[in-house]
Number of protein chains: 2
Amino acid sequence: MKKTTIHDIAAELGVTFSTVARALNDHPAISAATKAAVLETARRLNYQQNKLASSLRSGRSNVIGIIVPSLDTSFFSSVVHGMERVLNENGYSVLLYQTGESQVQEQKGVNTFLQSRVDGVLASVSAEKDQTEFYASLRKRQVPLLFFDRAIQELAIPSVTINDFQGGFAATEHLIQQGYQNIVHIMSDLHLTIFKERLRGYVEALKQHGLPVREELIFKGRVSLELGQQTVQQLLETQTPFDAIFAAEDYTAMGALQTLQERGVPVPEKVGIIGFANEAFGAFVTPSLSTVDQQTVKMGEETARLFLQLSGQKNFYQETPERIVLDPILVPRKSSTRGVNQ
Amino acid sequence: MKKTTIHDIAAELGVTFSTVARALNDHPAISAATKAAVLETARRLNYQQNKLASSLRSGRSNVIGIIVPSLDTSFFSSVVHGMERVLNENGYSVLLYQTGESQVQEQKGVNTFLQSRVDGVLASVSAEKDQTEFYASLRKRQVPLLFFDRAIQELAIPSVTINDFQGGFAATEHLIQQGYQNIVHIMSDLHLTIFKERLRGYVEALKQHGLPVREELIFKGRVSLELGQQTVQQLLETQTPFDAIFAAEDYTAMGALQTLQERGVPVPEKVGIIGFANEAFGAFVTPSLSTVDQQTVKMGEETARLFLQLSGQKNFYQETPERIVLDPILVPRKSSTRGVNQ
DNA sequence: GTGAAAGCGCTAACAT
DNA sequence: ATGTTAGCGCTTTCAC
């Protein structure tokens, strides 16, 4: 079936194609009768506007590119969920690109988006150092860029993140208030601000409560179930005294919890545990896993809304970019709850 | 910064823009020297091909539209993860559309994709009855369409699904083999083949093992934690005899497990439980939740590969569409494992 | 091996 | 209220 164009509709009605174009775009200078006739004919001929042509000519694609490390994580898929819904409601389509934490892929994603002439890019970066000039290429071309969750602070780009410092602080303080004193921290070895901030929150909470910050209680690795398991094994083998664990990510916390239980260490009585991310499983495990909620859907929605708001302005790239920082929510559960000062 | 076009490169080099276009597309009739010069100049001027123009002219967009009910579920986000990776590796971009199980949204998604001139649509439908002619509009326009997980059988469209019958059968048979006799089934009230097939598997397994199929043991609702909880409450209040539950979805199974434990009914000793979907939490709860794995990432990858394979053919829409059916994998865990014939 | 020319389907400025 | 015209930036056929 040949695709129908505005020319076909025009021929059918004996008007010119520009009248049809105006009618379809609800131009005020077109009579109601003509509009009705055009609309009817368009429907009858199964007309579908060619957005490629429209975008090429108008310079606006109504497409937003989203860059995430991976959709195979509940965090990013929830964020994208929120973004897509808000953008869709506002007439935008979403192009999706996964980087797998690879900078090369990230670069490719930005280029693809540039070539697709997207009206904006929402990105969560894979790393915050090294070659990040490709993000500058968006600015050069005046394509709005916003970061979410993981931002490159040096770039003066609007962003929506959560207050990871506060999250780390709240998690650690919660453990302290439950009477734990020797608190282990397990974090990622990726060079990401989010993890450094959680660490900083951990350190600050210890200090404020007069507890020593001990380097030997801070562990780094690829956050995962295995990292949590290995860390606890190591702690037990080296007989390092500890009575709580704050893991910067829930799976890691879960691994720690599993190994403690296998070794017969009671949680939360002997060792308290808290994670980060509020993964679905935390509410269901025994003991239920305390954690910090990151408001993922809200983060996606806020990022989309900030884009909508800022892209309306004359020049998107200003000296002082808007930076929305969401409050993390402490979710205390059983894995860290015991009588105070036990 | 003005965007550079092939005309700019041509002017810079003193050749015509068609030579530049050929060079960039690695046309065989262009000398190596010219190609090198063009490539160098393109890089220097930060040239980015305008895909809108290219797609408009060539009739190929290299964009695939993906329609899912929601990304805020581990199932669909994993599937999309697999799809995006394979498509990306093969030079395609991905447009994403969430329907929220709404047919109206689904219709809109198809129209948007049509207008964006996508080269194909991969969809998981919201419902399999009612107005589905909008999927026919893709066929009319010769846009390849593939279904995944949820397909409309009547439409003769290629699809990648899992064998839900076999999954339901395996789950039920597993319970029977563990010595359970009065097996409850909790399923969705959505009119989806996937749930009907799981039910059919449940019924068939009972029959093959000489057990009666009792209507009063089959419950329907919006699958969720709450549905599992409510169903168990109802079973206990009405004192309906039962010794196992096969829930068509993991959260429902989890709700059932929780309520049984609250009421002091030991799992798996008194009641065995198995779910469906292999959600992350299942491995971590106590007792660990038996389930059926749906091979989500593989489903996404296979759907993408099937598209790549079929879209190469002369006419995509054939009389006998290829239908790939993946085998579900029984994942027996502690919630359903006890000595046989206890 | 390169150039010339047409046109994909639309938007928008300028007519009338 | 509608028509005319000129592109947007590319692909592609036909020349030479």
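All heavy atoms count here, side chains included; hydrogens, waters and symmetry mates do not. Below, chain A is the first sequence line, B the second, and so on; all start at residue 1.
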Q: Are the side chains of A:I66 and A:Y97 in touch, meaning some heavy atoms are under 4.5 Å apart?
A: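 Sidechains of A:Y97 and A:I66: no contact.
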Q: For a quick check under 3.5 Å, do B:T73 and B:S70 share a side-chain donor-acceptor pair by atom type?
A: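 There is no such pair (donor and acceptor under 3.5 Å, judged by atom type) between the side chains of B:T73 and B:S70.
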Q: Let me know the distance between CG of B:N50 and P of C:dC8, rounded to the nearest Å.
A: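 From B:N50 CG to C:dC8 P: 18 Å.
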Q: Roughly how many Å is it from CD1 in B:I9 to C1' in D:dG9, rounded to a whole number?
A: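 Going from CD1 in B:I9 over to C1' in D:dG9 covers 12 Å.
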Q: Measure from CG on A:L52 to P on D:dG7 and round the result to the nearest Å.
A: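 After rounding, the reported distance stands at 22 Å.
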Q: For A:D8 and C:dG9, what is the distance between atoms CG and C1' respectively, to the nearest whole Å?
A: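 In whole Å, C:dG9 C1' lies 11 Å from A:D8 CG.
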Q: For B:T19 and C:dG3, is the shortest distance between a side-chain N/O and OP1 or OP2 below 4.0 Å?
A: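 Indeed, a polar side-chain atom of B:T19 lies that close.
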Q: With DNA chain C as reference, determine whether B:V15 or A:T5 sits nearer its 5' end, using the nearest nucleotide of each.
A: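 So the residue in question is B:V15.
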Q: We want to know whether B:D72 and A:S78 form a side-chain donor-acceptor pair, criterion being a heavy-atom distance below 3.5 angstrom.
A: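 On atom types as modelled, these side chains qualify, holding a pair under 3.5 Å.
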Q: Between B:S137 and B:V110, is there a side-chain heavy-atom distance shorter than 4.5 Å?
A: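 Yes, at least one pair of side-chain atoms sits under 4.5 Å.
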Q: Expressed in angstrom and rounded to an integer, what is the separation of A:R60 atom CZ from C:dT11 atom P?
A: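 Between P of C:dT11 and CZ of A:R60: 12 Å.
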Q: Rounded to whole angstrom units, what separation is found between the CG atom of B:N62 and the C1' atom of D:dC10?
A: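 After rounding, the reported distance stands at 14 Å.
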Q: To the nearest angstrom, how far is B:H7 atom NE2 from C:dA5 atom P?
A: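 Going from NE2 in B:H7 over to P in C:dA5 covers 13 Å.
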Q: Considering only heavy atoms from C-beta outward, does the side chain of A:F76 approach that of A:T296 to under 4.5 Å?
A: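 No - every pair of side-chain heavy atoms lies 4.5 Å or more apart.
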Q: Strictly under 4.0 angstrom, non-hydrogen atoms only: write out the protein contact profile of nucleotides 11-16 of chain D, one letter per nucleotide from the 5' end, B, S or -.
A: BBBB--
Q: Starting from C1' on C:dG3, measure out to CG on B:L13 and report it in whole angstrom.
A: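 One finds 15 Å between C1' of C:dG3 and CG of B:L13, rounded.
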Q: Pick from B:V160, B:L146, B:V297: which one makes a side-chain contact (heavy atoms from CB on, under 4.5 Å) with B:E302?
A: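 Exactly one option meets the side-chain contact (heavy atoms from CB on, under 4.5 Å) with B:E302, and it is B:V160.
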Q: Please step through salt bridge (Lys or Arg N to Asp or Glu O under 4.0 Å) for the pair B:R44 and B:E40, ending with a clear verdict.
A: CA-CA 6 Å; B:R44 187 159 46 78; B:E40 189 278 324; 3.4 Å; yes
Q: Flag yes if more than 12 heavy atoms outside B:K35 fall under 6.0 Å of its NZ atom; otherwise flag no.
A: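 Enclosed: over 12 neighbouring heavy atoms sit under 6.0 Å from NZ of B:K35.
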Q: For the helix from C:dG1-D:dC16 to C:dT16-D:dA1, how many degrees between its two end axes (five pairs per end), to the nearest 10°?
A: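 It works out to 30° between the end axes.
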Q: Just compare D:dG3, D:dA1, C:dG1 and give me whichever is closest to any side-chain atom of B:S31.
A: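 Nearest listed nucleotide: C:dG1.
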Q: List the residues meeting side chain to side chain donor-acceptor pair (under 3.5 Å) with A:T41, not counting sequence neighbours, and say none if there are none.
A: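 Here no residue qualifies.
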